[in-house]
Amino acid sequence: MSYDLHIVRTPSWLEAAESPITKEEIDGLVGADSELEWSTLDYIDMRNEAGSVVRFPMIRWRGLPCLWRYRDQIVCANPDQAQIGKLLQIARELKAQVVGDDGETYVLNRNWLGRERIETVRP
């Protein structure tokens, strides 16, 4: 079973529909970022509210499919530290935040040497 991180504009990823990230916004982001591209081969099958399976194309980061748009958010399963860093960058550009399945928020902080590090804030 995977653990997902979600880019959303709400405190909980379960409430993402209240302030959705649109496909048009994601298209603009992918078009402006040379590290991102829509995959034509990779996808995720997810069930919608009616129980039907819907296919969501994945977004490749540096050639690897690791993100996908799901309804009103961007999702990444089992991200490593580098992927979390990219999620934080994407969230900043979309005026959103990165939230884990359990409701924790991920933030990027600088230490006294000016180095960035990822921190998790628990609800």
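Reckoned from all heavy atoms, side chains included, excluding hydrogens, waters and symmetry mates.
- Both L87 and L108 belong to a common hydrophobic cluster when Ile, Leu, Val, Met, Phe, Trp and Tyr are linked at side-chain heavy-atom distances under 4.5 angstrom.
- Residues passing the salt bridge (charged side-chain N to carboxylate O under 4.0 Å, His left out) test with E37: none are found, sequence neighbours excluded.
- In summary, the side chains of K86 and Q89 do present a donor paired with an acceptor at a separation below 3.5 Å, with no hydrogens or angles considered.
- For D101 (side chain) and D4 (main-chain N/O), a donor-acceptor pair under 3.5 Å exists by modelled atom type.
- For D72 (side chain) and I21 (main-chain N/O), no donor-acceptor pair under 3.5 Å exists by modelled atom type.
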Evaluate the side chain to side chain donor-acceptor pair (under 3.5 Å) criterion for residues S12 and E15: first the C-alpha distance (whole Å), next the side-chain angles of each, then the deciding distance (0.1 Å), finally the verdict. CA-CA 5 Å; S12 168; E15 301 165 347; 4.8 Å; no
List the steps and the verdict of side chain to side chain contact (heavy atoms under 4.5 Å, CB included) for L94 and R9.
-> CA-CA 9 Å; L94 293 173; R9 292 189 174 119; 4.1 Å; yes
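- Residues L29 and I59 fail the side-chain proximity criterion, which asks for heavy atoms closer than 4.5 Å.
- With a 4.5 Å cut-off on side-chain heavy atoms, L5 and Y106 count as touching.
- Linking ILVMFWY residues whenever their side-chain heavy atoms come closer than 4.5 Å, directly or via other members, places L67 and Y3 in the same cluster.
- Contact annotation: the side chain of W68 never approaches that of D42 to less than 4.5 Å [non-hydrogen atoms, C-beta and beyond].
- One hydrophobic cluster, built from ILVMFWY side chains closer than 4.5 Å, cannot hold both L64 and I74; they sit in different ones.
- In terms of heavy atoms, S39 sits closest to P57 at O-CB, 4.1 Å.
- When the side chains of ILVMFWY residues are joined at heavy-atom separations under 4.5 Å, either directly or via intervening members, V75 and V99 end up in two distinct hydrophobic clusters.
- Checked by atom type and distance alone, the side chain of Q83 pairs as donor or acceptor with a backbone atom of D80 at under 3.5 Å.
- In this structure, Q97 contributes its side chain and T10 its backbone to a donor-acceptor pair below 3.5 Å.
- A continuous path of ILVMFWY side-chain contacts below 4.5 Å connects I7 to I84, so both sit in one hydrophobic cluster.
- Going from atom CG of L41 over to atom CZ of R60 covers 6.0 Å, rounded to the nearest 0.5 Å.
- Annotation: side chain of D45 is in contact with side chain of R55 (closest heavy-atom distance under 4.5 Å).
- Between C66 and C76, the closest heavy-atom pair is O-SG, 3.2 Å.
- Sequence neighbours left out, the pairs with a member in residues 31-59 that pass ring pair (Phe, Tyr, Trp, His ring centres under 6.0 Å) are F56-Y70.
- Of the possible donor and acceptor atoms, one in the side chain of D33 sits under 3.5 Å from a partner among the backbone N and O of E35.
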